[in-house]
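Model, not experiment: these values are computed from the prediction. Each ligand, and each atom within it, is numbered from 1 in the order the structure gives.
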Amino acid sequence: MAEKVIDIGKIYFIKDNENTKMCSDIRIGNRKHTTWFSLKNEQAKYFCERSDAFIMAFLLIAMRKGYDIVCHNVISKKLHYQLNHYVIPILSDEMEIYKKITVHADTIEEFETENAIGTALSGGVDSLYTVMTHGKDCEYPVTHLTLFNMGSLRKEDPKKKGEIFPFACEKVKEFAKEQNLQTIFVDTNLEQDFEYFSTAITFRNIACALAIQKLLGKYYISSSRKVSEFELDSNCCESYDLLVVPLASTESLTFYLAGQEKTRIEKIEAISEWNVSYKWLHPCIYGSLGEKNCGHCSKCYRDLATLWYLGKLDNYREVFDIDEYKEKLNINLAYTLANCRGKLNKNVSELLDSMENLPQEVRQYAKYFKMLMKRNLELKEKIQNINK
Ligand SMILES: [Zn+2]
């Protein structure tokens with residue numbers, strides 16, 4: 001019978017004409033697979049040959065299974081201490097699905113880093129807010145924009161006949177050139193680590209940054225929630241970023257949770273004063289940075305309604321079809337008012353509801369939408385019961 005551990009094998013590198021992969025063979029019980037992080041060859045010198053990145057990538061799955069982690073490379077002493085003394089005991093104590101485990105590894109304190117300061121650029125509200133608030137006037141201004149491919153950017157884009165990732169990288173480069181910043185892009189196969197995306201996204205982001213610690217001295221993870229919205233929800237690791245992000249810091253790399261002082265609505269208000277956002281805002285769940293937003297997904301509806309509330313819609317003609325949105329304005333607002341699923345949707349819905357001068361027609365349409373949503377839910381439940 002296989003030992004109940006996650007075994008993180010000795011790190012090795014595979015190089016081709018363009019890219020270098022930092023790999024480790026991972027064994028989870030009986031299953032084996034190779035996890036890798038990939039950089040362009042000219043940036044491969046920034047790889048940190050410690051197990052830090054691999055541990056963070058596999059921490060949640062190890063805790064879900066109740067398997068200890070055994071590493072065959074050293075890990076940063078500070079990270080080892082913080083995981084075993086704080087992150088693991090707290091998460092396992094507070095969330096039923098996670099069990100208390102131990103990370104076993106030799107540790108090291110020495111480090112080398114170029115002290116670059118990074119953050120990811122997705123084009124979403126949180127990411128743009130972080131870039132805007134960490135410019136030249138900040139004590140620690142961003143020097144490098146990153147893009148980490150943790151699975152979602154591997155999707156094929158039928159329009160471009162290829163993966164989204166290379167296209168998105170080109171767009172980040174274009175933004176970086178305009179803002180006089182540098183870039184670094186990390187490809188991975190982390191989507192194969194068997195953990196659901198929304199429960200693991202922060203851990204994967206941290207893993208990618210830890211993989212390039214020889215470059216990064218500070219890294220900003222953009223918070224999707226205000227500090228008062230902190231909760232320990234095992235279905236959404238972003239709900240407890242405030243706990244995990246600072247505790248993932250090592251001797252060489254300090255993580256900050258940026259933007260936790262504001263709600264999403266407050267962030268939209270802030271970036272709507274920054275003309276860079278008029279060209280680059282991309283909250284849409286489809287396509288990528290630098291493309292027009294669809295205007296019809298849950299995130300587009302949410303942010304368009306907020307921009308309408310702020311009187312800023314017309315500034316965003318380059319990235320949204322504003323005429324189309326305005327043509328059926330009352331129906332679009334009603335849909336947002338009715339759609340309270342998820343904390344962020346609820347916030348925008350409450351914002352609209354609080355408006356004394358919201359047209360009566362919007363409230364009436366919203367009632368119909370709610371009735372339809374309820375009926376759809378009931379039908380879905382019936383179908384599920386039939387299929388049982
Ligand atoms: Zn959209």
Compute the ring centroids of Phe320 and Tyr325, then answer whether they are less than 6.0 Å apart.
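Here the rings of Tyr325 and Phe320 have centres that are no less than 6.0 Å from each other.
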Would Lys32 and Asp25 count as a side chain to side chain contact (heavy atoms under 4.5 Å, CB included) if you check the C-alpha gap in whole Å, the side-chain angles of each, and the deciding distance to 0.1 Å?
CA-CA 7 Å; Lys32 262 188 192 174; Asp25 296 332; over 6 Å; no
What are the protein N, O or S atoms, given as residue plus atom name, that sit under 2.8 Å from the Zn ion (ligand 1)?
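Checking every protein N, O and S atom gives Cys284 SG, Cys294 SG, Cys297 SG, Cys300 SG.
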Return yes if a side-chain donor-acceptor contact under 3.5 Å exists between [X] and [Y], otherwise no.
{"X": "Ser277", "Y": "Tyr316", "value": "yes"}
{"X": "Asp241", "Y": "Ser223", "value": "no"}
{"X": "Ser252", "Y": "Thr113", "value": "no"}

Short N-O contact, Glu174 and Lys171, less than 4.0 angstrom:
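Looking at Glu174 and Lys171, the cut-off is met.
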